[in-house]
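The next block holds one structure in the form of structure tokens; read it before the comments.
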Amino acid sequence: MSSTRTVILGSSFAGLTAALELRKRVDDSHEIVVVDPRAEFTFIPSLIWLPFGLRDAKDVTFPLEPIYRRKNIRFVNDAAARIDIEGRTVTTAGGEELAYDYLFIGTGPRLAFEKIEGLGPEAGHTESVCNLEHAQRAGAAWKEFLKDPGPVVVGTAQGGSCFGASYEFLLNTKHQIKKAGLEDVAPVTFISAEPELGHFGLGGVGNSNALVEKFFGRLDIEGLPNSSIDRVTANEIELASGRKLPFKYSMIVPPFSGVDVIANTPGLANPMGFVPVDEQYRHPDHPEIYAAGVAIAIKPPDETAVPAGVPKTGQMTETMAKVAAHNIAAEINSGKTEALPLDELSAICVLDAGNSGVIFKADNVLARGERGLHPKARTMAGPQAHLAKLAFERVFISSRKRGKIVL
Ligand SMILES: Cc1cc2nc3c(=O)[nH]c(=O)nc-3n(C[C@H](O)[C@H](O)[C@H](O)COP(=O)(O)OP(=O)(O)OC[C@H]3O[C@@H](n4cnc5c(N)ncnc54)[C@H](O)[C@@H]3O)c2cc1C
């Protein structure tokens with residue numbers, strides 16, 4: 001095919017992976033342009049440690065431009081503000097128009113704090129660790145908490161999907177409370193939209209329910225699944241059940257939706273702002289548009305009483321991005337495309353607990369029916385889980401900084 005241009009929106013797990021993978025597969029006559037308002041990649045999985053001073057920003061971020069320069073990929077450090085599907089053009093907030101032959105969407109979630117009164121660090125009373133700035137604020141609030149400790153509430157709100165993050169933050173918080181000798185004054189409660197503990201928005205992974213309940217019992221954490229938050233005031237979380245949870249420190253993962261530029265483009269997204277894709281991670285109505293990661297629409301495998309989304313982990317995101325990049329390259333090079341149905345996605349998830357943790361591994365995490373509830377699920381609890389997360393962090397950051405995909 002004559003020279004093409006692929007525009008990639010977002011440069012995190014989805015976008016960076018797609019850009020590097022595509023560059024491996026198409027020669028330099030084919031232009032790749034990555035657009036992201038963030039100049040640095042943030043290794044989001046480590047943000048659970050930032051509030052406790054175990055990491056700082058420089059440990060978990062690295063600049064994107066040098067990686068792209070080396071790979072002959074153009075990096076536009078700006079947000080996409082408008083997408084014209086008919087005209088195949090993206091316009092950035094700064095007014096640059098980028099025509100494309102292929103568009104890849106990896107813009108992740110919009111953190112929809114406004115859906116719950118009083119939620120979130122900016123206009124509300126709860127902390128978040130969903131991005132670097134929020135994790136830094138959560139760290140400043142933690143320092144204040146240590147001066148005047150009291151009850152702690154951690155969880156995931158209704159409409160949230162990143163359950164693993166709230167469990168990890170919970171277990172790390174508990175670990176820090178114990179280290180500081182504050183267990184008597186700082187009881188910890190976990191609230192979640194999941195119908196049961198360890199459900200993760202997936203119907204559970206192996207024996208995850210029993211494992212989480214065991215952890216909670218041993219650590220004396222009260223778990224309140226099926227929780228829906230009515231509102232948050234300066235020192236209390238009011239649940240739809242009528243229960244009021246006082247807190248001195250709270251971190252709640254908010255509901256997720258798609259980012260505005262995607263949600264506001266007619267014909268691109270579902271009502272939540274997420275992009276529908278087929279088995280090739282391609283938009284069903286616009287074959288030149290691909291998407292991966294948190295930006296895509298995935299129907300929850302089960303109905304739950306309180307709305308609970310499907311987690312799209314970093315590892316799932318990268319798998320999807322690789323398939324999408326492979327398929328864009330196949331279009332460009334007239335090669336063979338590949339398919340990976342959503343219900344064949346596997347997940348490896350490490351829940352860190354500060355000095356211990358649990359590793360979950362499951363194939364076909366979204367499968368139901370004949371294949372049942374991911375029959376090949378495995379779990380392993382112990383200090384090796386914490387070490388696995390440390391190793392993953394080190395390998396991921398050092399290889400991606402060099403523009404290499406090794407995991
Ligand atoms: C605290 C926490 C811990 C986690 N731990 C783990 C873990 O241990 N293991 C794991 O596998 N997963 C983990 N996850 C999940 C993982 O972080 C996500 O799966 C991953 O970040 C999704 O990648 P993404 O590229 O789809 O979206 P994101 O990482 O959210 O990236 C979206 C990118 O799009 C950019 N963007 C947004 N709007 C625009 C726009 N208009 N134009 C251009 N660019 C735009 C953003 O700046 C951002 O760089 C964790 C998540 C959290 C919050």
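Fair warning: this is a prediction, and the values are worked out from it, not measured in the lab. Both ligands and their constituent atoms are indexed starting at 1 by order of listing. Keep in mind that the numbers below use all heavy atoms, side chains included, and drop hydrogens, waters and symmetry copies.
Under 4.0 angstrom from ligand 1, the non-hydrogen atoms of Ala14 come from both its backbone and its side chain. By the criterion of a heavy-atom distance under 4.0 Å, both the backbone and the side chain of Val129 are placed next to ligand 1. Of all the heavy atoms of Val261, the ones lying under 4.0 Å from any atom of ligand 1 belong exclusively to the side chain.
At under 3.5 Å, not a single nitrogen or oxygen of Asp78, backbone or side chain, sits near a nitrogen or oxygen of ligand 1. Ligand 1 has an N or O atom lying under 3.5 Å from an N or O atom of Ala80, backbone or side chain.
Among protein heavy atoms, atom 35 (C) of ligand 1 sits closest to Asp36 OD2, 3.2 Å. The nearest protein atom to atom 31 (O) of ligand 1, hydrogens excluded, is given as Ser12 CB, 2.9 Å; this is a heavy-atom distance. Ile44 CG2, 3.6 Å is the protein heavy atom nearest to atom 53 (C) of ligand 1. In terms of protein heavy-atom proximity, atom 2 (C) of ligand 1 is nearest to Ala165 CB, 3.4 Å. Nearest protein neighbour of atom 10 (C) of ligand 1, counting heavy atoms only, is Gly314 N, 3.4 Å. Atom 27 (O) of ligand 1 has as its closest protein heavy atom Gly108 CA, 3.4 Å. Protein heavy atom closest to atom 26 (O) of ligand 1, with residue, atom name and distance, is Val294 N, 3.0 Å. Residue, atom and distance of the protein heavy atom nearest to atom 39 (C) of ligand 1 are Thr107 CG2, 3.7 Å.
Within ligand 1, the atoms closer than 4.0 Å to a non-hydrogen atom of Gly293 are 26 (O), numbered from 1 in the order shown. Near Thr317, meaning under 4.0 Å from any of its heavy atoms, are these atoms of ligand 1: 19 (O), 22 (C), 23 (O), 26 (O). Atoms of ligand 1 found under 4.0 Å from any heavy atom of Gly106 (numbered from 1 in listed order, with element): 25 (O), 32 (C), 33 (C), 34 (O). Residue contact check: Lys312 has heavy atoms under 4.0 Å from atoms 18 (C), 19 (O) of ligand 1. Of all atoms in ligand 1, numbered sequentially from 1 with element shown, those under 4.0 Å from a heavy atom of Gln315 are 11 (O). Which parts of ligand 1 touch Pro109 is read off a 4.0 Å heavy-atom cut-off, strictly below it: atoms 30 (O). Contact atoms of ligand 1 toward Arg38: 47 (O) (distance under 4.0 Å to a heavy atom of the residue).
For Arg218 and Asp220, the salt-bridge test fails: no basic side-chain N is under 4.0 Å from an acidic carboxylate O. The pair Arg400-Glu318 meets the salt-bridge criterion, with a side-chain N (NZ, NE, NH1 or NH2) lying under 4.0 Å from an Asp/Glu carboxylate O. A salt bridge between Arg38 and Glu133 is present, with a side-chain N of the basic residue lying under 4.0 Å from a carboxylate O of the acidic one. Looking at Arg231 and Glu236, no side-chain N of the basic residue comes within less than 4.0 Å of a carboxylate O on the acidic one, giving no salt bridge.
Residues Asp59 and Trp49 have side chains that never bring a donor and an acceptor to within less than 3.5 angstrom of each other.
Between Asp352 and Leu171 there is no side-chain heavy-atom pair separated by less than 4.5 Å. You'll find the side chain of Thr61 stays beyond 4.5 Å of the side chain of Phe41, heavy atoms only.
Between Phe145 and Phe247, a ring centre-to-centre spacing not shorter than 6.0 Å is recorded. In this structure, the ring of Phe200 has its center less than 6.0 angstrom from the ring center of Tyr167.
The presence of a protein heavy atom under 4.0 Å from atom 14 (N) of ligand 1 is ruled out.
For atom 20 (C) of ligand 1, the choice among Phe43, Phe13, Phe169, Phe163 with the nearest heavy atom turns out to be Phe13. Taking only non-hydrogen atoms, the option from Ser11, Ala291, Pro45 nearest to atom 7 (C) of ligand 1 is Pro45. Proximity annotation for atom 8 (O) of ligand 1: of Met320, His134, Lys389, Lys389 comes nearest, heavy atoms only.
Note on residues 215-237: pairs passing ring pair (Phe, Tyr, Trp, His ring centres under 6.0 Å), not counting sequence neighbours, are Phe190-Phe216. Listed by first then second residue, pairs satisfying ring pair (Phe, Tyr, Trp, His ring centres under 6.0 Å) with a partner in residues 66-99 read Tyr68-Phe75, not counting sequence neighbours.
Each of Val7, Val35, Asp36 was evaluated against Val76; a single residue qualifies, Val35, per the side chain to side chain contact (heavy atoms under 4.5 Å, CB included) test.
In terms of heavy-atom proximity, Ala269 sits nearest to Pro276 at CA-CD, 4.1 Å.
For the pair Cys162 and ligand 1, a heavy-atom separation below 4.0 Å is found.
Taking the six-membered ring for Trp and thresholds of 30 and 60 degrees, His134 and Phe113 have ring planes more than 60 degrees apart, a perpendicular arrangement.
Relative to the ring axis of Phe274, Lys312 places its NZ or CZ within 45° and under 6.0 Å from the centre.
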